[in-house]
Amino acid sequence: MLKKLSVSTLAFGLAAGAFMIGASGADAAGKRQFIAIGTGGPTGVYFATGNAICRLIHKSAAEGRKTGRKHGIRCSAPSTGGSTYNIGQIRQGELDFGVAQSDWQYHAYNGSSKFKGKKYGKLRAVFSVHPEPFQIIVGKSSGINGWNDLKGKRVNIGNPGSGQRGTMEVLMKAHGTTTSAFKVATELTSTEQSKALCDGKIDAYGYTVGVPNAGVSIATDGCGARIINLNGSPEKGLVTKNPFYAFATIPKGTYKTSSADVTTFGVMATFVTSSDVSADLVYEVVRSVMENIADFRTLHPAFRNLDPKKMIKDGLSAPLHAGAVRYYKEKGLM
Ligand code: GLU
């Protein structure tokens with residue numbers, strides 16, 4: 001049996017911005033401490049993830065001021081280049097936390113793939129979030145129905161630093177091809193790619209992202225783009241050989257053009273930090289999220305099935321941070 005990620009979706013398009021969250025302007029209570037969480041492009045799910053976490057931290061700070069259990073953590077979650085950028089910035093001490101694909105968490109911690117010779121042993125897992133199927137989104141009139149049709153086309157492989165860029169490179173290698181097979185390989189960001197597809201500047205793009213999301217719906221619901229199946233032997237090989245890949249289904253009805261289920265392979269979005277970040281801080285962040293998990297589930301459709309029992313193990317390959325372990329043990333989750 002091949003491994004499967006369960007992707008749940010709402011069966012309708014979602015309006016961009018409907019789930020954008022602004023940080024609350026909470027006053028200082030405990031000792032103030034500012035933290036930054038690395039996310040992804042503003043129309044993706046990482047941006048919603050980081051901002052949801054900040055919102056829950058500010059909520060628990062506000063509650064703590066009433067009950068006397070104070071913490072002074074203030075949080076921001078700026079848009080960034082994505083997974084590998086976030087891991088690099090955590091390593092530099094520029095970010096305290098970040099969202100990263102489970103494949104890049106694995107490779108960073110183990111010093112493999114893109115991180116060969118650059119092993120980051122201090123990387124720590126905090127929890128996993130939503131499943132992220134890798135998707136090739138193709139233009140309405142591109143004539144692309146499968147991987148082989150990408151030959152000679154204009155394909156966006158993603159900006160350097162994004163998770164999808166790395167996963168696209170892995171997939172090209174699994175198919176025994178390089179960017180020279182494409183007419184053009186662009187490096188647009190996740191924010192630029194849907195517009196470029198709708199404007200006819202590219203024929204397809206690769207994106208690893210939670211389902212559904214505003215960025216993809218700009219192309220599917222906006223200009224008839226489709227998501228193709230990626231379930232041939234190269235993808236089966238990737239799933240069989242790597243613990244962090246699993247097959248996923250994007251259900252019929254997810255977007256306006258989703259007339260049938262799409263099968264592809266994917267990863268998990270994970271929340272990571274460094275062992276240099278204090279256990280007390282990580283404990284408070286984890287506590288804020290887990291005590292408010294019901295709220296978290298409502299902050300984006302990709303979060304609706306979040307389950308703490310799975311979040312503390314699925315997709316995690318770096319060791320859990322000591323502050324996270326403290327909370328999970330206290331709650332009997334571990
Ligand atoms: N998986 C993408 C990355 O690692 C980001 C997806 C998102 O922004 O939701 O860059």
Side-chain angles (χ1 to χ4, degrees), residues 5 7-9 14 16-21 37-54 77-90 95 97-108 113-115 123 125 128-137 156-171 186-194 205-219 227 230 244-246 248 250 254-255 264-272 296 299-304 306 315 317-318:
L5 288 174
V7 177
S8 74
T9 68
L14 73 150
F19 50 83
M20 296 291 185
I21 300 143
I37 299 174
T39 65
T43 55
V45 187
Y46 283 13
F47 189 69
T49 304
N51 283 284
I53 294 169
C54 285
S79 166
T80 73
S83 288
T84 53
Y85 174 88
N86 295 339
I87 292 171
Q89 293 294 296
I90 292 170
L95 290 171
F97 295 88
V99 193
Q101 290 179 202
S102 52
D103 48 351
W104 300 115
Q105 179 190 141
Y106 178 96
H107 291 307
S113 186
K114 222 186 226 319
F115 287 86
L123 184 65
S128 57
V129 200
H130 53 282
E132 295 192 275
F134 179 83
Q135 298 156 62
I136 300 273
I137 291 123
N156 185 47
I157 58 171
N159 62 288
S162 68
Q164 59 267 16
R165 171 59 173 272
T167 307
M168 183 73 177
E169 287 166 355
V170 168
L171 186 59
T186 56
E187 297 188 310
L188 303 175
T189 65
S190 62
T191 321
E192 296 163 327
Q193 62 197 4
S194 284
Y205 66 78
Y207 195 15
T208 325
V209 68
V211 177
N213 71 83
V216 171
S217 75
I218 290 169
I227 308 171
L230 288 171
F244 40 78
Y245 291 136
I250 301 168
T254 300
Y255 298 107
T264 182
F265 72 105
V267 294
M268 293 298 291
T270 71
F271 191 55
V272 297
F296 197 169
L299 295 175
H300 188 286
F303 304 152
R304 62 204 284 253
L306 291 181
S317 40

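Just follow the structure's listing: the first ligand is 1, and inside any ligand the first atom is 1. Computed over heavy atoms, backbone and side chain alike; hydrogens, waters and symmetry mates excluded.
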Compare all side-chain heavy atoms of Phe265 with those of Thr167 and state whether any distance is below 4.5 angstrom.
yes
What one should report as the nearest heavy-atom pair of Gln105 and Ala318 is OE1-N, 2.9 Å
Nearest protein heavy atom to atom 4 (O) of ligand 1, by residue and atom, and its distance?
Ser83 OG, 2.5 Å
Looking only at protein heavy atoms, which one is nearest to atom 10 (O) of ligand 1, and how far off is it?
Gly163 N, 2.8 Å
Where ligand 1 meets Ser162 - atom numbers and elements under 4.0 angstrom, heavy-atom basis:
10 (O)
Using a strict cut-off of 4.0 Å, indicate which atoms of ligand 1 neighbour a heavy atom of Gln101.
1 (N), 2 (C), 3 (C), 4 (O)
Do me a favour and list the nearest non-hydrogen protein atom to atom 6 (C) of ligand 1 with residue, atom name and distance?
Thr208 O, 3.4 Å
Of the listed options Tyr85, Phe134, Tyr46, closest to atom 7 (C) of ligand 1 (non-hydrogen atoms)
Tyr46
Measure up the Phe303 and His130 rings against each other and bin them: parallel (under 30°), tilted (30 to 60°), perpendicular (over 60°).
tilted
Got Phe115 and Thr84 here, is their nearest side-chain heavy-atom distance under 4.5 Å?
yes
Restricting to side-chain hydrogen bond (donor to acceptor under 3.5 Å, both in side chains), what partner residues turn up for Thr208, sequence neighbours left out?
Gln101
Please report which non-hydrogen protein atom sits nearest to atom 9 (O) of ligand 1, along with the residue it belongs to and the distance in Å to one decimal place.
Val45 N, 2.6 Å
What is the closest protein heavy atom to atom 2 (C) of ligand 1, and at what distance does it sit?
Gln164 OE1, 3.1 Å
Using only heavy-atom distances, determine whether the side chains of Ser194 and Tyr205 contain a donor-acceptor pair under 3.5 Å.
yes
